[in-house]
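What follows is a short report on a single structure.
What you are looking at is a predicted structure, and each value in this text was computed from that prediction instead of being measured. In this chain, residues are counted from 1 in sequence order.
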Amino acid sequence: MSFLAAGPTPYHAVANVAERLEKAGFRQVAETDAWDGTSGGRYVLRGGAIIAWYVPEGVAPHTPFHIIGAHTDSPNLRIKPRPDTGAHGWRQVAVEIYGGPLMNSWLDRDLGLAGRLTLRDGSSVLVDVDRPLLRVPQLAIHLDRSVSNEGLKLDKQRHLQPVWGLGDEVLDGDLISFLEQEAGLEAHSVAGWDLMTYPVEAPAYLGRDRELVAGPRMDNLLSVHAGAAALAAAATSGAPLTRIPVLAAFDHEENGSQSDTGADGPLLGSVLERSVFARGGTYEDRARALAGTVCLSSDTGHAVHPNYAERHDPTHHPRVNGGPILKVNVNNRYATDGSGRAVFAAACEKAGVPFQSFVSNNSMPCGTTIGPITAARHGIRTVDIGVAILSMHSARELCGADDPFLLANALTAFLEG
């Protein structure tokens with residue numbers, strides 16, 4: 001829950017992962033530096049993505065990798081290049097829709113503002129206004145009686161621009177000037193920005209027996225958290241490792257993964273290759289390592305919804321707190337096959353963790369993940385898994401309180417081989 005709260009943006013999320021890994025003995029390496037082949041934990045940060053790995057003592061250059069894949073981004077409202085706007089005495093902020101959010105869930109919520117500010121010298125700083133700053137006010141039912149009978153219809157351009165104050169004059173540069181002050185920067189020092197809104201309501205236990213957790217960005221910081229915990233555990237357990245454990249948390253999954261920090265970019269392949277070569281390996285060693293590599297692509301999936309059970313496959317009803325799910329689609333929207341199922345089943349058995357299977361209703365389109373992208377781009381055997389939740393892509397999602405723990409244990413067993 002603290003991890004969710006500390007990660008309002010992908011940039012903050014990866015900084016949080018890096019901090020946790022540093023405490024487990026990992027150190028950051030720069031992509032522009034030469035890498036050595038010594039043992040230990042390392043990580044690379046690039047924008048909203050992090051790749052971290054642990055090299056055990058004495059492993060051969062052709063040693064395969066065990067990879068946990070996840071993504072750091074979530075659907076939200078992001079700030080446009082000219083953010084200052086307004087009308088009829090309201091000062092507003094111009095936003096663009098990122099990914100596929102449930103737009104109605106962003107109405108009438110107190111929103112903060114966070115992200116990355118790039119300075120004129122090329123450096124960047126993180127900023128987080130963690131208090132009610134913006135709000136997208138919904139139209140009163142008295143002004144649209146059809147809402148109660150015909151449903152809410154939102155125009156992405158006209159209806160989702162948040163308000164943040166009063167004033168008849170639009171002042172260009174006002175928002176960025178405000179953020180410079182919030183970040184303790186000199187005026188006019190910011191040259192670029194990657195900013196997004198987020199609900200400031202804290203994650204919370206829910207239910208009579210506190211068996212549920214409600215919070216933002218579970219898709220997919222839940223998997224990032226479990227993966228980071230598993231990697232730290234594998235690196236510090238003292239157990240003999242026959243594979244090189246890796247955490248690959250990418251950005252931009254929600255809009256196709258096609259970026260330098262997305263799963264369809266070169267980042268993961270570059271890190272794996274350089275790790276092999278830094279340990280004295282050859283191209284042949286690289287090919288052997290990847291041929292034996294397995295990736296668990298961990299992303300949230302759909303728990304059976306009590307009010308919409310007909311939307312699910314009638315024989316596959318994953319339940320919250322029932323353990324992680326194995327995601328299957330024969331049309332390769334998920335990368336799981338029978339051999340991958342065996343890998344995941346063995347990890348769950350070793351960890352003493354139950355697991356469930358998820359498949360979409362044949363009449364419904366199936367979502368996808370970084371799994372098929374990873375498998376196709378790198379030739380890596382990939383298995384799609386995750387945790388079953390409700391309200392996916394809402395500003396506030398719902399999971400079982402036990403499931404993140406169960407997922408982290410299964411991932412640890414997988415990394416430990």
Closest non-hydrogen atom pair between [X] and [Y], with its separation:
| X | Y | answer |
| --- | --- | --- |
| Gly269 | His378 | N-CE1, 3.4 Å |
| Val190 | Glu180 | N-OE2, 3.1 Å |
| Trp106 | Val136 | O-CB, 3.9 Å |

Contacts table for residues 387-399: side-chain donor-acceptor under 3.5 angstrom, sequence neighbours left out:
{"from": "His393", "atom 1": "ND1", "to": "Gly100", "atom 2": "O", "distance (Å)": "2.8"}
{"from": "His393", "atom 1": "NE2", "to": "Asp219", "atom 2": "OD2", "distance (Å)": "3.1"}
{"from": "His393", "atom 1": "NE2", "to": "Glu254", "atom 2": "OE1", "distance (Å)": "3.2"}
{"from": "Ser394", "atom 1": "OG", "to": "Arg396", "atom 2": "N", "distance (Å)": "3.2"}
{"from": "Ser394", "atom 1": "OG", "to": "Arg396", "atom 2": "O", "distance (Å)": "3.2"}
{"from": "Arg396", "atom 1": "NH1", "to": "Glu201", "atom 2": "O", "distance (Å)": "3.3"}
{"from": "Arg396", "atom 1": "NH1", "to": "Ala202", "atom 2": "O", "distance (Å)": "3.3"}
{"from": "Arg396", "atom 1": "NH2", "to": "Ala202", "atom 2": "O", "distance (Å)": "2.7"}
{"from": "Arg396", "atom 1": "NH2", "to": "Ala214", "atom 2": "O", "distance (Å)": "3.4"}
{"from": "Glu397", "atom 1": "OE1", "to": "Met218", "atom 2": "N", "distance (Å)": "2.8"}
{"from": "Glu397", "atom 1": "OE1", "to": "Asp219", "atom 2": "N", "distance (Å)": "3.1"}
{"from": "Glu397", "atom 1": "OE2", "to": "His393", "atom 2": "N", "distance (Å)": "2.8"}

Tell me, yes or no, whether the heavy-atom count around Arg78 atom CZ, taken from other residues, nucleotides or ligands under 6.0 Å, exceeds 12.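 Enclosed: over 12 neighbouring heavy atoms sit under 6.0 Å from CZ of Arg78.
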Taking atom NZ of Lys80 as the centre, report whether more than 12 heavy atoms of other residues, nucleotides or ligands fall under 6.0 Å from it.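 Yes - once you tally the heavy atoms of other residues, nucleotides and ligands closer than 6.0 Å, there are more than 12.
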Just how far is it from atom CG of Asp403 to atom CZ of Arg319, taken to the nearest 0.5 Å?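 Output value for this atom pair is 13.0 Å.
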Are the charged groups of [X] and [Y] less than 4.0 angstrom apart, N to O?
| X | Y | value |
| --- | --- | --- |
| Glu182 | Arg131 | yes |
| Arg42 | Asp36 | yes |
| Arg46 | Glu31 | yes |
| Glu273 | Arg286 | yes |

Looking at residues at least two apart in the chain, or sitting in another chain, which of them share a ring pair (Phe, Tyr, Trp, His ring centres under 6.0 Å) with [X]?
| X | value |
| --- | --- |
| Tyr54 | none |
| Phe26 | none |
| His188 | none |
| Tyr98 | none |

Which residues pass the side-chain contact (heavy atoms from CB on, under 4.5 Å) test with Gln181, sequence neighbours left out?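 For Gln181, the residues satisfying side-chain contact (heavy atoms from CB on, under 4.5 Å) (neighbours in sequence not counted) are Ser177.
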Quick one: which residue pairs count as a side-chain hydrogen bond (donor to acceptor under 3.5 Å, both in side chains) with a foot in residues 2-17, not counting sequence neighbours?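 Passing the test, one end in residues 2-17: Thr9-His12, Asn16-Arg20.
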With side-chain hydrogen bond (donor to acceptor under 3.5 Å, both in side chains) as the rule and sequence neighbours excluded, what pairs involving residues 367-376 come up?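 As it turns out, the side-chain hydrogen bond (donor to acceptor under 3.5 Å, both in side chains) pairs with a partner in residues 367-376, which skip direct neighbours, are Thr369-Asp384.
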Scan for ring-ring contact (aromatic ring centres under 6.0 Å, His included) pairs involving residues 213-244, sequence neighbours excluded, and state none if there are none.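 Listed by first then second residue: Phe3-His225.
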Among pairs that include at least one residue of residues 244-292, which meet ring-ring contact (aromatic ring centres under 6.0 Å, His included), considering only residues two or more places apart or in two chains?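 Output for this query is empty, none listed.
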Under the criterion ring-ring contact (aromatic ring centres under 6.0 Å, His included), I'd like the reasoning laid out for Phe355 against Phe344: C-alpha separation, chi angles, the key distance, then a yes or no. CA-CA 9 Å; Phe355 74 93; Phe344 186 58; 5.5 Å; yes
Trace of the side-chain hydrogen bond (donor to acceptor under 3.5 Å, both in side chains) decision for Glu211 with Tyr205: CA-CA 7 Å; Glu211 67 267 55; Tyr205 285 109; over 6 Å; no
List the residues meeting side chain to side chain donor-acceptor pair (under 3.5 Å) with Asp260, not counting sequence neighbours, and say none if there are none.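 Checked Asp260 against side chain to side chain donor-acceptor pair (under 3.5 Å); zero matches.
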Looking at residues at least two apart in the chain, or sitting in another chain, which of them share a side chain to side chain donor-acceptor pair (under 3.5 Å) with Asp194?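 Checked Asp194 against side chain to side chain donor-acceptor pair (under 3.5 Å); matches are Arg116.
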